Amino acid sequence: MSRREIFMDVMFRTGLMILVYVGFALFIPSYYSVRGVAALLDGAVVIGLTGLGIGVTMLAAEFDLSVGSLAALIGVVTLNFINGAEVGMVTAIVLGVVIAGVFGAAQGLVIAITGINSLVFTIGSLIGLRGLALFMSGENTVNIPVQRLEETDFLSASVLGIFSIPSLVMIGAFVLVAAFLRYTVWGKEVLAIGGGRTEARAAGVSIKRAMVVAFAISGALAGLAGAISCVKLGSATPLGFDTLLLSAVTACLIGGIALEGGRGTVTGIFVGLLTLRFLVGGVSGLGAPFWMQNLAVGSLLIVVIVAQLSVRQLKSRHDAPALPVH
Amino acid sequence: MATTANSTKKFRHRVMSAALAAGVALAAPALAYADGRVVVFSPPSTDNYIAAWQSGLKKKAADLGYEASFIETTRDQSEQDAAVQQELAAGADTAGYIWWPFINAAGTNSLRSLSRTGKPVIFANQYPLEGTESLWTAYAGIDDFANAKTAAEMLLKACDESSTVKCDKGLIVTFPAGFSAGADRAKSFRETVDGKLEVLQEQPAGFTSQDGYKVGSQIIPPVKDDVTWVYTQNDSLASGIVQALTEVGKTPGKDVLVIGGTCHGDTSDLTSGHVIGTEVQGAYLEGWYTMQTLHRYLKTGVVKDGKVYAEATPDAPPSDEGDISRYNFIPSPPVGNSKEAVEGFRLWGWTMDELCNY
């Protein structure tokens with residue numbers, strides 16, 4: 001895609017996002033209050049961080065299905081650090097992210113070396129990590145003691161009225177990952193293997209390094225999502241985040257990340273995330289039953305994908321060389 | 001040209017009128033219940049139990065002049081927390097909150113946010129965690145500890161009376177891991193049978209007969225010659241266990257005694273004798289009673305210390321008047337495994353079929 005086409009694509013998706021936002025803002029007062037927008041941003045953090053990570057693997061034409069289980073495991077691990085080792089909240093989060101990043105990198109390395117399809121491999125880690133989370137939590141929810149809950153308040157505190165620490169971390173992560181993919185060699189390698197593995201290899205790109213980097217980012221961001229969320233909630237559930245994978249992939253798809261890899265932008269993921277958040281928060285805020293959320297998200301996703309395909313088909317027809325006239 | 005312009009103008013007017021009408025229609029309910037709005041946070045009503053609980057709550061709210069606004073999220077606590085923050089950000093006038101976290105322990109910080117509003121918060125369905133007392137006004141729902149104790153006592157009685165099985169070793173099949181009601185019940189059951197029965201294994205399963213069968217078909221075959229009883233936390237799980245036992249050549253009710261802790265789904269395994277008994281925990285009545293508890297608090301502003309069990313009368317439901325207690329429990333009366341017991345059952349004017357078959 002040319003730069004102009006990418007710009008137009010993001011603009012189309014941004015238009016859709018604004019439409020969804022305005023549609024709900026007409027009926028839900030919190031949608032146009034500063035506090036309400038802050039809550040919307042805050043509520044997007046877990047899916048946003050995870051979606052960004054899984055989006056990077058999708059850009060590399062891979063797929064990390066283990067993100068939900070990894071987030072749950074890192075949540076448990078982080079709270080175990082806080083309760084058992086009595087470390088500070090921030091230190092525990094950082095430790096959790098490092099562990100998740102290392103696990104992600106190792107996962108990427110094994111996939112690159114063995115050549116196992118990442119879908120197949122990460123199904124294994126999805127199941128295994130969930131088991132590990134149950135084991136490490138003793139099959140129970142791990143809690144920060146009630147008397148220490150006040151220490152978690154910094155994650156709910158307002159920053160400049162409209163942000164919180166988690167939402168700023170999420171926005172920072174989006175900016176950093178976008179810059180990494182655009183301006184660094186390692187980042188460009190991730191995009192290159194997604195655009196065409198054979199061509200990338202021929203051009204001297206290290207497939208192994210790109211895979212390690214993509215899965216390390218995905219793992220670290222899933223870990224960050226799990227750690228921040230669990231510290232903020234004051235608890236970690238070994239069976240938590242079971243719907244996270246689906247929501248994160250949905251945000252990516254609405255944002256224009258192609259399942260076959262190599263196409264999409266970090267900005268697109270952010271727009272897709274906000275569209276999803278506005279929709280889910282809006283349906284929930286109207287007091288509609290849960291199935292309405294499923295119906296709304298499913299419908300939106302289908303509309304986006306059909307529109308995307310139609311545009312692509314129209315374009316390919318338009319670009320096709322005219323038949324010679326005899 | 002003029003005709004075309006007129007048609008366009010008419011079309012625009014029609015679209016605007018339709019949009020205005022739709023807007024008014026959608027906004028009207030929000031305006032109508034501004035004074036008596038009760039916000040209910042719950043897991044999704046795609047679960048039959050939760051759907052029945054919501055129906056009871058909604059009906060009682062309407063009868064008492066409130067509008068119950070349900071905010072459902074996935075079973076993920078971070079989603080429920082996002083919904084709480086969104087609701088609080090709206091700053092809408094609210095009479096009180098009803099809080100049902102899917103994972104009880106995981107909802108404490110969201111509960112803190114609700115409690116900081118100064119509005120009453122009624123904790124629903126799962127026994128609140130120790131140490132969180134300052135965060136909620138009252139609990140309304142089932143007493144999980146008493147429920148499991150009754151189930152254990154029914155099992156011990158059936159063991160004493162059985163001429164075909166000598167109760168010794170057995171299994172506990174619980175609600176999902178992390179669901180505190182399941183852990184509370186398992187703990188209470190173990191304490192009641194301690195020294196009388198031996199627990200071979202305790203295994204989390206879920207809520208449905210499929211969950212019960214899936215777990216049963218894994219844990220029963222290796223111990224099929226030892227297992228003499230199975231405690232399940234609801235009758236759907238019990239049905240799955242009955243099927244798994246049958247597949248390994250056991251006759252439930254004769255070789256192995258299966259007890260269902262809570263009525264859930266159809267009663268065929270109960271009336272056929274495959275399950276030795278259950279308890280009626282009506283989801284509809286639980287929702288109804290939860291709303292009544294909030295209403296009574298709003299009327300009196302008083303919460304008495306201690307626990308109160310609503311009386312298990314056949315016809316008369318509890319009064320809407322009077323002070324509430326810190327813990328307000330619905331009754332969960334035991335029911336034996338006979339057709340007469342099932343068909344003759346009445347609680348607050350409802351039959352067992354009406355309360356359990358969802």
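Side-chain atoms are counted along with the backbone in the values below, which use heavy atoms only and exclude waters and symmetry mates. In this text, all values refer to a predicted model and were calculated from it rather than measured experimentally.
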I'd like to know if [X] pairs up with [Y] as an ion pair, taking the criterion as any Lys NZ or Arg NE/NH1/NH2 lying under 4.0 Å from an Asp or Glu carboxylate oxygen.
X: A/R130; Y: A/D242; result: no
X: A/D153; Y: B/R116; result: yes
X: B/R37; Y: B/E87; result: yes

Name the region of [X], side chain, backbone, both or neither, that has any atom closer than 4.5 Å to a heavy atom of chain B.
X: A/N294; result: neither
X: A/L134; result: side chain
X: A/I28; result: neither
X: A/L233; result: both
X: A/V280; result: side chain
X: A/S284; result: both
X: A/T152; result: side chain
X: A/E139; result: both

Side-chain donor-acceptor pair under 3.5 Å between [X] and [Y], yes or no?
X: A/S167; Y: A/D42; value: no
X: B/N125; Y: B/E286; value: yes
X: B/Q203; Y: B/T174; value: no

Exercise. So B/W53 and B/W288, ring pair (Phe, Tyr, Trp, His ring centres under 6.0 Å) or not? Walk me through it.
Worked result: CA-CA 7 Å; B/W53 181 86; B/W288 186 98; over 10 Å; no

For this session: Would you please indicate if the ring centroids of A/Y21 and A/Y31 are separated by under 6.0 Å?
Result: yes

At a heavy-atom distance under 4.5 Å, which candidate from [options] has the highest pair count against chain B?
options: A/G281, A/A236, A/S235; value: A/S235
options: A/I47, A/T141, A/V142, A/V45; value: A/T141
options: A/N140, A/V46, A/V283, A/L239; value: A/L239
options: A/I144, A/L26, A/L149; value: A/L149

Seminar exercise, completed: Honestly, the part of B/L135 sitting under 4.5 Å from a heavy atom of chain A is neither

Exercise. Do the ring planes of B/Y327 and B/W136 sit parallel (below 30°), tilted (30 to 60°) or perpendicular (above 60°)?
Worked result: perpendicular

